[in-house]
Amino acid sequence: MSHTAAELEQAVREIAEEMRARTDRGKVADYIPELAQVDARQFGLVVIDADGRVAAGGDADTPFSIQSISKVFTLTLALGMVGDRLWRRVGREPSGSPFNSIVQLERERGIPRNPFINAGAIAVTDVILSGHQPREALGEILRFLQFLAQDSAIVIDEAVAASEQRTGFRNAALANYMKSYGVLDNPVVYTLGVYFHHCAIAMSCRQLAAAGRFLAHSGVNPATGLSVVSAERARRINAIMLTCGHYDGSGEFAYRVGLPGKSGVGGGILAVAPGKASIAVWSPGLDAAGNSHLGRIALEALTRRMGWSIFGV
């Protein structure tokens with residue numbers, strides 16, 4: 001189903017207005033002190049279609065902490081470095097457990113279930129860190145996002161990173177547990193430092209939608225015409241986003257929205273309509289599974305209006 005730019009802009013504008021008026025906003029992540037201070041009344045939505053047209057609504061240019069959405073980009077980088085050898089260290093199955101579960105890691109002898117739960121993303125970060133100083137590895141991740149979004153203004157929110165480092169005891173436990181099984185190569189403190197910092201990257205919906213475009217277009221960033229990954233790899237990253245991108249709410253997201261997506265506890269969601277659009281939505285209040293409450297509702301409304309569900313119109 002194809003739509004005009006005007007139809008898309010109208011849909012985005014109307015959905016943003018509708019979401020702004022709603023009172024059921026979920027609950028902001030309060031276990032990271034810096035995130036607890038974010039105003040839950042904010043909402044942003046940006047869609048960039050195949051022709052590069054941008055439809056924006058609400059707080060589209062307000063930077064927020066992307067948190068776990070960064071895991072899509074670290075996965076892309078790590079696959080570029082070691083290819084399918086990565087899957088010896090991390091699985092590709094949905095977890096069905098909370099994103100920071102230690103019990104599951106213990107049962108599976110230190111191999112994380114997928115690259116989007118915390119343990120899996122820490123293992124992926126360790127791959128990127130190998131052969132680098134932490135500062136270099138982090139610079140590589142940040143530059144990759146700036147390159148994809150074509151925006152050198154994207155930065156790490158140091159206050160959020162410090163906040164996570166002070167309170168990240170569960171992540172430290174996961175990392176040490178994996179280290180005991182030889183899943184991590186680097187000193188735990190270095191790997192965790194890079195992990196906390198890439199989760200603390202701040203981006204707006206506009207920047208995030210731009211950064212995700214290569215996943216909507218068979219691995220090519222249409223803004224530059226450059227191939228970021230092969231078409232096959234883009235398809236596989238999308239598959240993991242669909243099955244694992246929303247923690248133990250991934251099935252519900254696939255059922256309601258019908259697009260590959262990745263959420264973060266900062267309230268952002270990056271979603272991909274293959275061949276059609278890259279979408280970023282942000283609303284800081286979360287549901288019980290740690291995903292943006294209004295973000296999911298907005299995406300459900302958008303895919304229904306546009307006929308974009310990958311499961312059929």
Side-chain angles (χ1 to χ4, degrees), residues 1-22 42-64 66 69 72-73 145-154 203-228 231 234-235 237-238 241-242 245 253 256-263 267-283 292 294-313:
M1 198 188 290
S2 64
H3 294 270
T4 65
E7 284 172 325
L8 181 60
E9 279 169 24
Q10 185 183 355
V12 167
R13 194 169 55 246
E14 287 174 4
I15 290 167
E17 283 166 11
E18 194 184 314
M19 294 304 129
R20 195 183 273 283
R22 286 180 71 135
Q42 299 173 96
F43 177 89
L45 175 62
V46 170
V47 180
I48 306 180
D49 74 6
D51 298 318
R53 296 176 300 207
V54 179
D59 303 298
D61 293 296
T62 304
F64 58 90
I66 67 170
I69 303 171
V72 173
F73 303 103
L145 275 166
Q146 291 171 341
F147 162 72
L148 291 173
Q150 292 192 286
D151 192 338
S152 59
I154 297 165
M203 294 173 77
S204 66
C205 287
R206 192 182 301 270
Q207 291 167 328
L208 190 56
R213 291 188 74 195
F214 75 100
L215 291 169
H217 303 288
S218 304
V220 174
N221 182 356
T224 59
L226 296 174
S227 175
V228 179
R235 191 167 68 241
I237 293 168
N238 283 337
M241 285 170 72
L242 183 78
F253 187 84
R256 294 191 173 280
V257 178
L259 296 178
K262 182 72 198 87
S263 68
I269 302 174
L270 170 66
V272 174
K276 298 190 175 72
S278 175
I279 308 155
V281 63
W282 172 56
S283 179
S292 175
L294 289 187
R296 180 187 62 70
I297 292 170
L299 287 171
E300 185 178 358
L302 181 70
T303 52
R304 187 179 289 138
R305 277 181 76 155
M306 294 290 132
W308 280 350
S309 168
I310 63 170
F311 301 111
V313 260

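Every value quoted in this text rests on a predicted model; they were computed, and no experiment measured them.
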Is the side chain of Ser292 donor-acceptor paired with the backbone N or O of Ser283 at a distance under 3.5 Å, no angle test? yes
Ala211 and Leu145: which non-hydrogen atoms are nearest, and at how many Å? CB-CD2, 4.1 Å
Trp308: which of Leu299, Val47, Val257 passes side chain to side chain contact (heavy atoms under 4.5 Å, CB included): Val47
Please identify each residue that fulfils salt bridge (Lys or Arg N to Asp or Glu O under 4.0 Å) with Glu9, with sequence neighbours left out. none
Closer than 3.5 angstrom, by distance alone: can the side chain of Ser278 be matched with the main-chain N or O of Ala210 as a donor-acceptor pair? no
Which heavy atom of Ala60 sits nearest to which heavy atom of Ser204, and what is that distance? O-CB, 3.4 Å
Applying side chain to side chain contact (heavy atoms under 4.5 Å, CB included) to Leu215 and Asn238, what does each step give before you reach the verdict? CA-CA 7 Å; Leu215 291 169; Asn238 283 337; 3.6 Å; yes
Report yes if the side chains of Ile269 and Val281 come closer than 4.5 Å at any heavy-atom pair, otherwise no. yes
Taking every heavy atom of Asp51 against every heavy atom of Arg213, the minimum-distance pair comes out as C-NH2, 4.4 Å
Can you list everything that forms a ring-ring contact (aromatic ring centres under 6.0 Å, His included) with Phe64? Sequence neighbours excluded, please. Trp282
Spell out, as yes or no, whether a donor-acceptor pair under 3.5 Å connects the side chain of Lys262 to the backbone of Ile69. no
Which atom pairs, one a donor and one an acceptor, fall under 3.5 Å between side chains of residues 12-19 and the rest of the protein, sequence neighbours left out?
from: Glu14; atom 1: OE1; to: Arg305; atom 2: NH1; distance (Å): 2.9
from: Glu14; atom 1: OE1; to: Arg305; atom 2: NH2; distance (Å): 3.0
from: Glu14; atom 1: OE2; to: Gln10; atom 2: NE2; distance (Å): 2.8

Hey, what do you get for CD1 (Ile279) to SG (Cys205), rounding to the nearest 0.5 Å? 11.5 Å
Once you round to the nearest 0.5 Å, how far does CZ of Phe73 lie from CZ of Phe147? 12.5 Å
Pro222 versus His217, closest heavy-atom pair with distance: CG-CD2, 3.4 Å
Answer whether the closest heavy-atom distance between the side chains of Ile237 and Val272 falls below 4.5 Å. no
Could you measure the distance from the CD atom of Glu300 to the CZ atom of Arg296? Nearest 0.5 Å is fine. 5.5 Å
Please check if the side chain of Asn221 supplies one atom and the backbone of Leu226 the other of a donor-acceptor pair under 3.5 Å. no
Inter-residue atom distance Lys276.NZ - Leu259.CG, 0.5 Å rounding: 9.5 Å
Measuring from Ser309:OG to Arg256:CZ, what's the distance to the nearest 0.5 Å? 13.0 Å
Assess, by modelled atom type and distance only, whether the side chains of Asp59 and Gln42 contain a donor and an acceptor separated by less than 3.5 Å. no
Closest heavy-atom pair, Gln146 versus Ile154, reported as atoms and distance to 0.1 Å, is NE2-O, 2.9 Å
Separation between CG of Asp49 and CZ of Arg53, rounded to the nearest 0.5 Å: 4.5 Å
Identify the two heavy atoms, one from Ala280 and one from Leu208, that lie closest to each other, and give their separation to 0.1 Å. CB-CB, 3.9 Å
